[in-house]
Q: 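For reference, the structure I am asking about is given below.
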2 protein chains.
Amino acid sequence: MRVLIVEDDALHRSYLHEAVRAALPECDDVIEADNGFSGEVQARKARSEHVVMDLQMSERNGIEAARTIWRERPDTKILFWSNYSDEAYVRGVARIVPEGATYGYVLKSTSDERLKLALRSVFIESQCVIDREVRGIQQKSLGNAHGLSDAEYEILVDVALGLTDKAIAQRKKLSLRSVQNRLQQLYEKLDVYHPTGQGGEGWYNLRTRAVAVALSRKVLNSNALERAERDLQEGLKS
Amino acid sequence: MRVLIVEDDALHRSYLHEAVRAALPECDDVIEADNGFSGEVQARKARSEHVVMDLQMSERNGIEAARTIWRERPDTKILFWSNYSDEAYVRGVARIVPEGATYGYVLKSTSDERLKLALRSVFIESQCVIDREVRGIQQKSLGNAHGLSDAEYEILVDVALGLTDKAIAQRKKLSLRSVQNRLQQLYEKLDVYHPTGQGGEGWYNLRTRAVAVALSRKVLNSNALERAERDLQEGLKS
DNA sequence: TTTTGTCTTGCGGGATCCCGCATATTTTGC
DNA sequence: GCAAAATATGCGGGATCCCGCAAGACAAAA
């Protein structure tokens, strides 16, 4: 049994290495990669079926790496290992998990025990393990109230990329007006309407304010934007 | 001699602790805080004159903490210790350093040696130490070309917060037209004008696109936005 | 079938944004 | 001290954005 660790922080990498050795005595080979790209290469070369993946790496982030790994071998078991539980990450991961794949999502702040448990559960038992806190985010984002629907989220991303209504309409194959409707929903859900009781109307440019709020609520993060940007440039070429 | 470590990642914290003990034998007391708030409290309580500070903590980020520490005791020596060298961080630090204060800025990826050297240089020799790479960013941002001037940067922040031209004009005590002029400069420097040779005009909403580009270039980051947002809310109350 | 609800699209208009052009005002270099 | 350059301001207009109103499409509930 072989395990691939993809993590750009040296300290965390060695800690993980340690944890893997301790939790999985049946594992006889641990390989490492310090960024998303080499992670993909290593996974391909070694045909790894077990991967521990950091999200948020500077070179190429974990979600993109995981996406290509899963595209090549959808039965790969991946344990995501992240600092934060931003809604953007949770959404990003959920979006790329293949049908029936087993994966886990644990935070770096969890105890040794939990990490080791997660390692065994995911890699040996083929069981999905999602950290309590992460689950919480998942619930909240889906759970109505202020949670964004997928449609709204997509619009949000396009807006955050800096596209005009017209451009979005074209990309999403909608009328201009529909796009604007979705924008209004978005504005309401994000509470963009003069939340600062103070002052008066017209203080905020709703469009940009929505992005700011989404960022501060961690519904979006720069990581997600990078991915979206790449997808956009990709799509423009065709 | 006492050293305060402010760092929210347990692994890095203990690594730092270790490094401090090794590099500074004359240091007889190391105290720790795992977020910006308790960092401020500890600093006040222990009257620390030597602080190692992580930027980018979830609770309250390092720049805010450093700002209040320096406000209370401007002669405190602070060594910043960060994962990345985003222009936003570099600018943020430069903005709050008091006249004649000694500080350092090293990346987490630097070697043991360099870290220890930096610790001694800053705390013992009272010498400023800025990582090579960080210097690079500093140069680039100041060195005209595509670098933003302070005025432009401020406008950028306000835009990113979601303010309207009118609101910005008021805050900055400028005419509406002047604000729009600065925006145009900003758009040019950020290359917002259909950088995607493809397609045609009118694909981008310049205002939002500028924010997206600034984020992807790390001229801005969510951390800087958080700070700005707080300042904004502060200013609105008065 | 009718009703109710959600979603899409069109029209219209007021506010805002982007920006060219022209005129002050300030800063800079010599 | 003066010319040159940068910056600030005003005016005007075309494009875009935000959104109320209303009509059609489609699906689930009654």
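Since we're looking at a predicted model, the values are computed, not measured. By convention in this document, chain letters (A, B, ...) are assigned in the order of the sequence lines, proteins followed by strands, and residues within each chain are numbered from 1.
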Q: Rounding to an integer number of Å, can you tell me how far B/Arg182 CZ sits from C/dC18 C1'?
A: 17 Å
Q: Could you give the CG-to-C1' distance, from A/Asn181 to D/dC21, as a whole number of Å?
A: 12 Å
Q: Nearest whole angstrom, please: distance from the P of C/dA15 to the CD of A/Gln184.
A: 17 Å
Q: Kindly assign one of parallel, tilted or perpendicular to the pair B/Phe80 and B/Tyr105, based on the angle between their ring planes and the thresholds 30° and 60°.
A: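 Taking B/Tyr105 first and then B/Phe80, their aromatic rings sit tilted (interplane angle of 30° to 60°).
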Q: Look at the side chain of B/Gln180 against the base of C/dC19 and say whether a donor-acceptor pair falls under 3.5 Å; ignore hydrogens and angles.
A: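 Pair found.
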Q: Could you give the CG-to-C1' distance, from A/Asp158 to D/dC17, as a whole number of Å?
A: 16 Å
Q: Under a 4.0 Å threshold between the charged nitrogen and the carboxylate oxygen, would B/Asp231 count as salt-bridged to B/Arg67?
A: yes
Q: Does the pair A/Glu40/A/Arg71 count as a salt bridge with the N-to-O cut at 4.0 Å?
A: no
Q: Whole angstroms only, please: what is the CG-P distance between A/Leu183 and D/dG20?
A: 14 Å
Q: Tell me: CG of A/Leu176 to P of C/dC11, nearest whole Å?
A: 12 Å
Q: Please tell me which of A/Thr164 and A/Arg177 maps to the more 5' nucleotide of DNA chain D, matching each residue to the nucleotide holding its nearest heavy atom.
A: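 Taking each residue's closest nucleotide, the earlier one in sequence belongs to A/Thr164.
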Q: Judged by modelled atom types alone, do A/Gln138 and A/Arg135 share a side-chain donor-acceptor pair under 3.5 Å?
A: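 The answer is yes; a qualifying pair exists.
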Q: Between the side chains of A/Gln180 and A/Gln184, is a donor N or O closer than 3.5 angstrom to an acceptor N or O?
A: no
Q: In whole Å, I'd like the distance from the CH2 atom of A/Trp203 to the P atom of C/dC17.
A: 12 Å
Q: Look at A/Glu229 together with B/Arg217 and state whether they make a salt bridge at an N to O cut-off of under 4.0 Å.
A: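 Looking at A/Glu229 and B/Arg217, the cut-off is not met.
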Q: Please list, by residue number, the residues of residues 166-175 of chain B whose heavy atoms come closer than 4.0 Å to an atom of DNA chain C; answer none if no residue qualifies.
A: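 Correct list: B/Lys166.
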Q: For A/Gln185 and D/dG20, what is the distance between atoms CD and P respectively, to the nearest whole Å?
A: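 Atom CD in A/Gln185 sits about 13 Å away from atom P in D/dG20.
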Q: Hey, which sits more toward the 5' end of DNA chain D by its nearest nucleotide, B/Asn205 or B/Val179?
A: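 The residue mapped nearer the 5' terminus is B/Val179.
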Q: Using a distance-only test with no angle check, is there a side-chain donor-acceptor pair under 3.5 angstrom linking A/Asn223 and A/Arg227?
A: no
Q: Taking only N and O in the side chain of A/Tyr204, is any of them less than 4.0 Å away from OP1 or OP2 of D/dC17?
A: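 Looking at the OP1 and OP2 atoms of D/dC17, neither is under 4.0 Å from any side-chain N or O of A/Tyr204.
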